[in-house]
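To start, the structure under review is shown below, and the notes come after it.
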Amino acid sequence: MSTEAILHAHSTIAVSHEAAHGEHHEHHHHETFISKYVFSMDHKMIAKQFLITGMVWAVLGGLMSVLFRLQLGYPDSTFPILEDILGKWAKGGRITPEAYYALVTTHGTVLVFFVLTAGLSGTFANFLIPLQIGARDMASPFMNMLSYWFFFTASIVMLSSLFIETGPFSGGWTAYPPLSALGSASPGSKTGMDLWLVSMALFVVSSLLGGLNYIATVLNMRTKGMSMTRLPLTIWALFFTAVLGVLSFPVLFSGFILLIFDRNFGTSFYLSDIYVNGVGALPNEGGSAILYQHLFWFLGHPEVYIILLPAMGMVSEILSVNARKPIFGYMAMIGSMFAIAILAFLVWAHHMFVTGLNPFLGSIFVLLTLLIAVPSAIKVFNWLTTLWRGNIRFSPAMLFAIGFVSLFISGGLTGIWLGNSALDIHLHDTYFVIAHFHIVMGVASMFGMFAGIYHWYPKMYGRFMNNSLGYIHFWITIAGAYLIFWPMHYEGLAGMPRRYYDYSIWESFKQFAELNRFISTVAMIVFATQLLFLLNFFYSIFKGRKVTTQNPWGSNSLEWTTPINPGHGNWVGEIPEVHRWAYDYGKDGKEFIPQTVPVGADESHH
């Protein structure tokens with residue numbers, strides 16, 4: 001018997017006496033608190049676990065950025081409260097250099113991997129894939145549960161590294177050797193680095209378990225009539241994201257294994273001709289630190305799109321729903337995502353233009369890097385055309401989706417500068433790089449995540465978030481994002497290097513003291529605004545306005561055909577059959593036509 005048939009058989013046993021109120025209680029087995037909320041195998045609950053764990057890390061990562069921005073903005077000031085909170089890491093009320101580098105490293109690691117990879121993909125792939133393709137659950141609910149608990153364990157290990165005596169790893173989120181390969185290199189390269197590696201290895205296992213599950217579910221468990229070309233763009237984006245992860249994360253994992261060997265077993269994969277002050281010459285010969293960079297960035301560039309693609313898919317959906325128009329160029333959108341997925345594997349060495357890379361090889365990577373702008377431009381054109389002359393509803397979700405498009409355009413354009421190997425020699429490792437990737441990848445993806453949370457919150461919790469707080473959240477966040485990161489481009493053009501502890505002692509960069517103070521002040525305001533979002537999120541779970549209709553946004557996709565509070569199994573009785581694509585808005589005099597409505601004789605088929 002097929003998995004779908006087994007799940008369907010289970011669903012027929014389920015008895016619901018409150019289906020009219022959107023509640024679906026299954027009585028064929030008794031669920032305890034532990035089985036329902038902790039070790040749950042319901043994809044919707046696992047999605048919430050990923051989301052809330054990601055939100056905890058977002059707060060911690062954001063708080064770290066506030067602490068090191070405090071140092072950058074006010075390098076000569078002391079804040080006694082910091083010593084009360086951080087102890088020896090802030091002696092005399094000033095963050096120490098060791099703590100500063102640890103904060104920068106951990107901030108980058110947790111935001112890139114734990115928030116924007118696990119928090120974004122883990123949440124929305126889990127929540128939306130079964131609901132939008134018409135499946136009772138994931139292909140393997142048990143493997144799905146394992147993927148969350150591997151992520152949770154990785155989080156605990158990473159968190160524990162913050163509390164050990166020598167402190168967390170402080171060699172940058174990319175963990176380049178030799179700092180990461182030698183325990184004697186610095187205090188931040190000791191036990192904290194081992195915990196970092198263990199945590200990241202667990203995280204990779206979590207990502208692979210999740211990715212394989214998402215791919216199997218999309219390919220094998222679509223409901224009747226749900227052909228691949230009728231899938232919402234959200235599902236296509238999550239599918240390509242999973243493929244990218246499954247193909248690239250094992251390479252990073254192998255890089256970490258070799259790093260563990262170099263650190264603990266005397267091998268020389270990345271080490272050669274090293275001299276450590278106070279220790280002397282090391283016996284390691286024949287290794288290459290550049291090998292690690294190749295392994296890291298072979299994941300590192302697909303990782304950019306592992307983070308961006310889910311946001312792109314959700315933004316496509318939200319723009320279409322709230323513009324009350326069909327998405328423009330559906331097949332072109334799929335084709336552009338496919339092109340992005342392929343090209344993402346062919347551009348990694350643009351991170352390595354200053355490593356002594358052969359100039360001819362560099363020119364190949366310049367060409368491929370510029371080529372990836374083509375499918376990205378197709379997506380931008382299609383989003384703008386979807387908005388053109390639409391009957392737009394400016395909900396918080398829609399504003400964040402439009403904000404994503406704005407950030408993706410403005411942040412992406414600066415990639416043209418960095419993709420040029422000659423210009424990159426001047427711009428590499430400056431604030432220009434920070435400005436570029438924070439806008440195009442970091443903040444833009446967070447906007448995609450916020451859009452998704454505001455849009456699908458009624459389906460997650462059966463209640464609405466507060467709109468007024470949502471509007472305040474949006475306007476302060478988008479203004480703040482540009483005020484923080486846009487000025488950094490000018491600092492980078494002036495050659496200001498990143499990751500330096502104190503710029504006030506540099507004659508060249510004293511001119512930016514006021515600008516750094518301004519950036520730090522805005523960063524604190526934006527962080528405080530995110531706490532307002534958290535208040536809105538958690539308050540609305542219990543006190544938000546209740547959802548009274550199955551389909552509050554007038555959307556065509558399948559998740560809005562489930563009860564308001566769907567149980568494990570999603571649909572009461574039969575799973576609905578699909579007859580059309582997900583974007584029939586404003587057609588034949590109707591505002592929207594759900595996918596479950598049969599195509600009329602006088603209609604065109606999709």
Shortest non-hydrogen contact between P310 and L120, atoms and distance: CB-CG, 4.2 Å
With H43, the side-chain hydrogen bond (donor to acceptor under 3.5 Å, both in side chains) member among D137, N144, N570: N570
Ring center gap for H489 and F485 short of 6.0 angstrom: no
Over 12 foreign heavy atoms within 6.0 Å of CZ, F253: no
Y457 and Y461 aromatic ring geometry - parallel, tilted or perpendicular at 30°/60° bounds: tilted
For L418 against V433, the heavy-atom pair lying closest together: CD2-CG2, 3.9 Å
Side chain to side chain contact (heavy atoms under 4.5 Å, CB included) evaluation trace for F169 with Y101: CA-CA 8 Å; F169 174 50; Y101 292 118; over 6 Å; no
Aromatic ring pairing W553/H455, orientation class (parallel under 30°, perpendicular over 60°, tilted between): parallel
Between W196 and S161: side-chain donor-acceptor atoms closer than 3.5 Å: no
Option passing ring-ring contact (aromatic ring centres under 6.0 Å, His included) with F114 (candidates W57, W173, F152): W57
Residues S65, L111; criterion side chain to side chain contact (heavy atoms under 4.5 Å, CB included); working and verdict: CA-CA 10 Å; S65 68; L111 263 295; over 6 Å; no
CD-CD1 distance between Q530 and I476, expressed to the nearest 0.5 angstrom: 9.0 Å
Check: H473 ring centroid to F450 ring centroid under 6.0 Å: yes
Q595 (side chain) donor-acceptor with R230 (main chain) under 3.5 angstrom: yes
Min side-chain heavy-atom separation W236-S316 under 4.5 Å: no
Test item: T430 side-chain N/O and M496 main-chain N/O as donor-acceptor pair under 3.5 Å: no
Euclidean distance, L299 CG relative to I306 CD1, rounded to 0.5 Å: 6.0 Å
Test item: side-chain donor near acceptor, Y214 and T241, under 3.5 Å: no
Non-hydrogen atoms of G492 and H426 that approach each other most closely: O-NE2, 4.2 Å
Donor-acceptor contact present, side-chain K325 to main-chain W388, <3.5 Å: yes
Side chain S199, main chain L195, donor-acceptor under 3.5 Å: no
Side chain N213, main chain S140, donor-acceptor under 3.5 Å: yes
Verdict with reasoning, F151 to S147, per side chain to side chain contact (heavy atoms under 4.5 Å, CB included): CA-CA 6 Å; F151 168 52; S147 99; over 6 Å; no
Verdict with supporting geometry, Q293 and T355, side chain to side chain donor-acceptor pair (under 3.5 Å): CA-CA 9 Å; Q293 291 195 32; T355 59; 5.1 Å; no
Point-to-point distance, once rounded to the nearest 0.5 Å, from CE of M465 to CE of M460: 10.5 Å
Distance, nearest 0.5 Å, that separates OH of Y176 from CZ of F296: 7.0 Å
Exam field: side chain S395 to backbone M398, donor-acceptor pair closer than 3.5 Å: yes
L387 side chain reached by V405 side chain, heavy atoms, under 4.5 Å: no
Donor-acceptor pair between T117 and E303 side chains, under 3.5 angstrom: yes
Aromatic ring pairing F474/F400, orientation class (parallel under 30°, perpendicular over 60°, tilted between): perpendicular
Atom of V321, atom of S555 and distance for their closest heavy-atom approach: CG2-OG, 3.7 Å
S336 OG to I334 CD1 distance, which is reported to the nearest 0.5 Å: 9.0 Å
Test side chain to side chain contact (heavy atoms under 4.5 Å, CB included) applied to L51 and F127, step by step: CA-CA 10 Å; L51 178 59; F127 191 75; over 6 Å; no
Under 3.5 Å side-chain donor-acceptor pair for W417 and N420: no
Any donor-acceptor pair under 3.5 Å from N126 side chain to G122 backbone: yes
F345, CZ atom: more than 12 neighbouring heavy atoms under 6.0 Å: yes
Check: F404 ring centre within less than 6.0 Å of W383 ring centre: yes
Distance, nearest 0.5 Å, that separates OG of S445 from NE2 of H438: 11.5 Å
Side chains of Q49 and S40, donor plus acceptor under 3.5 Å: no
Under 3.5 Å side-chain donor-acceptor pair for D584 and N556: no
Minimal non-hydrogen separation, Y583 against L233, with atom names: OH-N, 2.9 Å
I392 backbone acceptor or donor facing N322 side chain under 3.5 Å: no
Plane angle bin for F533 and F537 - parallel if under 30°, tilted between 30 and 60°, otherwise perpendicular: tilted
Sidechain-backbone polar pair: H436 side chain, G412 backbone, donor-acceptor under 3.5 Å: no
Non-hydrogen atoms of L208 and V246 that approach each other most closely: CD2-CA, 3.8 Å
Flag side-chain contact, heavy atom, 4.5 Å: V243 against F338: no
Any donor-acceptor N or O pair under 3.5 Å, side chains Y270, S180: no
Sidechain-backbone polar pair: H428 side chain, D424 backbone, donor-acceptor under 3.5 Å: no
